[in-house]
Colleague: 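Here it is, the structure in full.
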There are 2 protein chains.
Amino acid sequence: MAEYKNQFQQLILDLKTNYIPSVSIDFVIFGFHDGQLKVLLLRWKGTDEWSLPGGRIRHEEDLQAAAYRSLNERTGLSEIFLQQFHTFGDVVRYINFSQQETLAKLGLPEDLASEVMGRDVSVGYYALVEFANVIPSPDFFTEECRWWDIDQIPPLLFDHNSMVTLALKTLRRQLSYQPIGYKLLPDKFTMPDLQQLYETILGQSLDRRNFQKRMLGYGILERLEERKTGGAHKAPYLYRFDKEKYQQALADETLFVG
Amino acid sequence: MAEYKNQFQQLILDLKTNYIPSVSIDFVIFGFHDGQLKVLLLRWKGTDEWSLPGGRIRHEEDLQAAAYRSLNERTGLSEIFLQQFHTFGDVVRYINFSQQETLAKLGLPEDLASEVMGRDVSVGYYALVEFANVIPSPDFFTEECRWWDIDQIPPLLFDHNSMVTLALKTLRRQLSYQPIGYKLLPDKFTMPDLQQLYETILGQSLDRRNFQKRMLGYGILERLEERKTGGAHKAPYLYRFDKEKYQQALADETLFVG
DNA sequence: TCAAAAGTGTTTAGCATACACCCATGC
DNA sequence: GCATGGGTGTATGCTAAACACTTTTGA
């Protein structure tokens, strides 16, 4: 326990020295697997309390760079779809009952705890990652890091439940005017693969033919000669993103639903 | 000059005591007047450098409350349309040439200046206000506060030009799925009034008949018996927002263009 | 009486939706 | 050969866009 307290003091020193105060980052990391949308959560040491992964910003580090770095530390991924969606700054989000209880369970001395648990403004990012590639790793305060089904998320610490809700809402809206899929699907993928990604995110099924028409209409897909063999049924065509046009579409989103 | 330096030290003390560090707020305040869209800018003391108005967050103050308070201090307005649009956190935005020049012109001792000019993460808000009601007042660093035509904005300090650009882009998009106009137009207004507001924001003209159909289709307008007299031409009907339905529409934005 | 603004309705086109049949493959 | 999934085109409806004439009013 003295060991733990010592580590904790080290952490505080590191935070004070290398990171800017009052600002944190929180992540809603969406994972896509098996037709299910999942969110990565952390369980706090010695408790049953879960929260979103987070991070802080170093001096001389850009906000976005801090976001990518933190996300990499938590998931091992480096090339990801990452999007800022809202900045949360309510004071009350830090003064809820469960958090005080949690602090007690963590066994942190109150004077030390208040040093890292002060009131922050938090920049919310959501990420879309390939489920299978993630190597989740907990941070100092937490001991477990795992995926939760989007519709089975427990009550979270702080205001993290509303963060998840808003992130999902933003992601779904974004889907209607921005292309999504690059770095989330393998280089070559089939139309049903892409459709399943969309259906998973939207939480509803879509018409195959209309979906295909819409996607091809965007003009960012390139159909290959190859087909995907080995499946149990008719071999579907493989597609690839036309990276140039994909980036173009990301840039001037007006191409999609003006 | 000693007086000034003294005031400045007072300011630093106030900032350190009452406000959280590392986070600031910047405002893109859009004013609507005479078929022109304008932005409120501040000129820094003794210089020709302009910037957006800003603010900081008190301890124990919600982010949004801080935004409303700061905006009120700068414009005198309290009931306004205020919307968070992005959080800016690049480091370089603080190390550009013109700013160092500006500091020199301000005549601030470098060691003191660095205390308030450190690297911040800034939450961007845009506001829509009724031009005529605003009483612009500069802050400690600035001596002039006035409206600029949206297409004649000079090069601004920091990354404020890109803030304006993004704010405008966000506002225009928002216009397609949220109602706008309440607290911006007088209680009773005509359809051409409302249309001019939209045209001003979008920077393009719209078809009268289609516009009217769309607005009435939203079901948030109530047509009054009265007409607006005194104009030089045919008297237009007056309308009023159905406040209940207006708020409803703001809440579930899905009513508009899903 | 003329110019300028406001009221109003219909036609058209484009896009999203709904929908059904044939083909390939593994079991 | 059959079940499963994948490939493809057309008909329909709704919403947005285009468009013109009449009315009111003050000058």
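The chains referred to below are lettered A, B, ... by the order of the sequence lines, with proteins before strands, and numbering in each begins at 1. Note that the structure is predicted; figures quoted are calculated from it, not measured.
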Colleague: Any Lys/Arg nitrogen of A:Lys188 or A:Glu226 sitting under 4.0 Å from an Asp/Glu carboxylate oxygen of the other?
Modeller: yes
Colleague: Let me know the distance between OH of B:Tyr198 and C1' of D:dA16, rounded to the nearest Å.
Modeller: 16 Å
Colleague: Is the ring pair A:Phe131/A:His33 parallel, tilted or perpendicular, if the boundaries are 30 and 60 degrees?
Modeller: parallel
Colleague: Please state whether the rings of B:Phe81 and B:Tyr126 are parallel, tilted or perpendicular, taking 30° and 60° as the class boundaries.
Modeller: tilted
Colleague: Rounded to the Å, how far apart are A:Lys228 NZ and D:dG6 P?
Modeller: 9 Å
Colleague: Under 3.5 Å, is there any donor-acceptor pair linking the side chain of A:Asp207 to the base of C:dA16?
Modeller: no
Colleague: Select one nucleotide: of C:dT25, C:dC19, C:dG7, the one nearest the side-chain heavy atoms of B:Pro192.
Modeller: C:dG7
Colleague: Tell me which of B:Lys213 and A:Lys213 sits closer to the 5' end of DNA chain D, going by the nucleotide each one is nearest to.
Modeller: A:Lys213
Colleague: What's the CD-C1' distance between B:Gln212 and D:dA20, to the nearest Å?
Modeller: 16 Å
Colleague: Mapping A:Asn210 and A:Ala235 to their closest nucleotides on DNA chain C, which lands nearer the 5' end?
Modeller: A:Asn210
Colleague: Record whether the side chain of B:Arg208 comes under 3.5 Å of the base of C:dG7 through a donor-acceptor pair of N or O atoms.
Modeller: yes
Colleague: Thinking salt bridges, do A:Arg146 and A:Glu144 make one under a 4.0 Å N-O criterion?
Modeller: yes
Colleague: Whole angstroms only, please: what is the CZ-P distance between A:Phe211 and C:dA18?
Modeller: 16 Å
Colleague: Among C:dG9, D:dG6, C:dA6, find the nucleotide with the atom closest to the side chain of B:Lys234.
Modeller: C:dA6
Colleague: How many Å lie between CZ on A:Arg227 and P on C:dG26, as a whole number?
Modeller: 13 Å
Colleague: Whole-Å distance between D:dG6 P and A:Leu206 CG?
Modeller: 14 Å
Colleague: Would you mind telling me which of C:dA18, C:dT8, C:dT25 lies closest to the side-chain atoms of A:His233?
Modeller: C:dT25
Colleague: Could you give the CE-to-C1' distance, from B:Met215 to C:dG7, as a whole number of Å?
Modeller: 17 Å
Colleague: Measure CG/B:Leu194 against C1'/C:dA6 and give the value in whole Å, please.
Modeller: 15 Å
Colleague: From D:dG9, C:dA4, D:dT8, pick the nucleotide closest to the side chain of A:Arg223?
Modeller: D:dT8
Colleague: Go through it in stages, so that I can follow the logic: the residues are B:Gln248 and B:Glu244, the test is side-chain hydrogen bond (donor to acceptor under 3.5 Å, both in side chains), and I'd like the CA-CA distance, side-chain angles, deciding distance and then a yes or no.
Modeller: CA-CA 6 Å; B:Gln248 180 74 18; B:Glu244 197 116 331; over 6 Å; no
